[in-house]
Amino acid sequence: MKYLLIALLSISLTTIAQDEPAGVRFFEGTFRQAMAKAKKENKGIMFDAYTTWCGPCKVLKSKVFPNPELGAYINEHFVSIGVDMEAGEGPALANMYPLEGYPTVFFLDASGKVKKKVLGLPQGGAKELLAIAKSIK
């Protein structure tokens with residue numbers, strides 16, 4: 001009985017660990033809520049400005065953000081939020097953070113001040129975005 005309980009506990013813990021995404025975890029809420037969370041946790045903000053029709057935006061989401069090394073660093077140092085710039089609060093944010101194209105990844109301080117802007121899909125993928133994130137002071 002004891003061994004059965006240990007085996008079941010091991011299986012359930014493995015399942016829980018597998019449910020946690022390895023890459024960048026995105027905050028589900030409004031931009032203001034993300035800023036409040038960043039202030040509370042003493043973190044910066046990684047703001048992914050995208051559109052639904054943008055091919056490079058889809059590549060960023062499917063190939064770059066899932067990277068475990070990038071996710072580990074970003075999740076520790078930033079509150080990440082992705083916003084469709086053509087829906088919901090996106091158009092208002094586009095007035096605050098002028099865009100030259102998509103995707104644009106903004107690294108902000110907790111008050112919303114731009115520290116770094118990355119226009120387009122980083123050619124070096126997750127490694128390049130990680131290096132940029134690590135360079136932000």
Side-chain angles (χ1 to χ4, degrees):
M1 183 70 164
K2 180 176 164 183
Y3 296 110
L4 179 61
L5 185 59
I6 291 170
L8 289 174
L9 183 60
S10 296
I11 291 169
S12 64
L13 289 175
T14 302
T15 303
I16 291 169
Q18 290 173 348
D19 289 343
E20 187 69 26
V24 175
R25 289 188 304 267
F26 284 87
F27 178 74
E28 298 288 333
T30 67
F31 191 78
R32 282 187 189 267
Q33 290 169 336
M35 286 178 62
K37 180 176 172 64
K39 283 181 185 176
K40 181 180 177 185
E41 296 178 5
N42 197 28
K43 293 181 176 182
I45 299 167
M46 186 185 80
F47 167 28
D48 173 30
Y50 69 89
T51 64
T52 57
W53 50 261
C54 165
C57 299
K58 293 174 185 176
V59 172
L60 191 63
K61 186 174 187 172
S62 67
K63 302 287 186 201
V64 177
F65 290 146
N67 180 279
E69 189 179 354
L70 176 66
Y73 186 84
I74 295 292
N75 297 337
E76 182 178 342
H77 295 93
F78 297 91
V79 172
S80 299
I81 186 163
V83 178
D84 179 351
M85 299 308 285
E86 296 181 330
E89 64 184 337
L93 289 171
N95 288 328
M96 294 172 54
Y97 300 98
L99 299 160
E100 299 169 40
Y102 298 105
T104 298
V105 176
F106 294 97
F107 288 95
L108 313 170
D109 65 18
S111 66
K113 181 181 175 205
V114 177
K115 303 296 261 173
K116 182 75 176 173
K117 176 176 155 181
V118 181
L119 175 61
L121 182 64
Q123 294 304 303
K127 285 186 179 186
E128 181 180 340
L129 198 56
L130 179 60
I132 291 167
K134 286 182 175 181
S135 74
I136 297 169
K137 303 295 176 211

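Given the structure is predicted, the values throughout are model-derived calculations rather than measurements. In what follows, residues are counted from 1 in the order of the sequence shown.
Looking at heavy atoms from C-beta onward, V105 lies in side-chain contact with L60 at the 4.5 angstrom threshold.
Checked against side-chain hydrogen bond (donor to acceptor under 3.5 Å, both in side chains), Q33 has the following partners two or more places apart in sequence or in another chain: T30. Under the salt bridge (Lys or Arg N to Asp or Glu O under 4.0 Å) criterion, K43 pairs with E41, sequence neighbours left out. Taking the salt bridge (Lys or Arg N to Asp or Glu O under 4.0 Å) definition, one finds that K58 meets it with nothing, sequence neighbours left out. For K127, there are no side-chain contact (heavy atoms from CB on, under 4.5 Å) partners two or more places apart in sequence or in a different chain.
Within the structure, salt bridge (charged side-chain N to carboxylate O under 4.0 Å, His left out) pairs that include any residue of residues 128-137 do not occur (at least two apart or interchain). For residues 98-137, the set of pairs meeting the disulfide bond (SG atoms under 2.5 Å apart) definition, not counting sequence neighbours, is empty. Legend: ring-ring contact (aromatic ring centres under 6.0 Å, His included) pairs involving residues 111-137, not counting sequence neighbours: none detected. Listed by first then second residue, pairs satisfying salt bridge (charged side-chain N to carboxylate O under 4.0 Å, His left out) with a partner in residues 65-83 number zero, not counting sequence neighbours. Applying the disulfide bond (SG atoms under 2.5 Å apart) test to residues at least two apart or on different chains, none of the pairs has a partner in residues 103-137. Residue pairs that meet the ring-ring contact (aromatic ring centres under 6.0 Å, His included) test with at least one member in residues 104-137, sequence neighbours left out, are F47-F106, F78-F107, Y97-F106. Applying the disulfide bond (SG atoms under 2.5 Å apart) test to pairs two or more places apart or on separate chains, those with a residue in residues 35-104 are C54-C57.
Between P103 and P56, the shortest heavy-atom distance links the atoms CD-CB, 3.7 Å. Residues V24 and M46 approach most closely at CG1-CE, 3.8 Å, considering heavy atoms. Heavy-atom minimum distance, A49 versus L99: CB-CD2, 3.9 Å.
Interatomic distance, K63 NZ to L121 CG, rounded to the nearest 0.5 Å: 11.5 Å.
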Which is it for L129 and F65 under the side-chain contact (heavy atoms from CB on, under 4.5 Å) test, yes or no, and what are the steps along the way?
-> CA-CA 9 Å; L129 198 56; F65 290 146; 3.8 Å; yes
Side chains of residues 86-95: which donor-acceptor partners sit under 3.5 Å, not counting sequence neighbours?
from : atom 1 : to  : atom 2 : distance (Å)
E86  : OE1    : W53 : NE1    : 2.9
E86  : OE2    : W53 : NE1    : 3.2
E89  : OE1    : F31 : N      : 3.3
E89  : OE2    : F31 : N      : 2.9

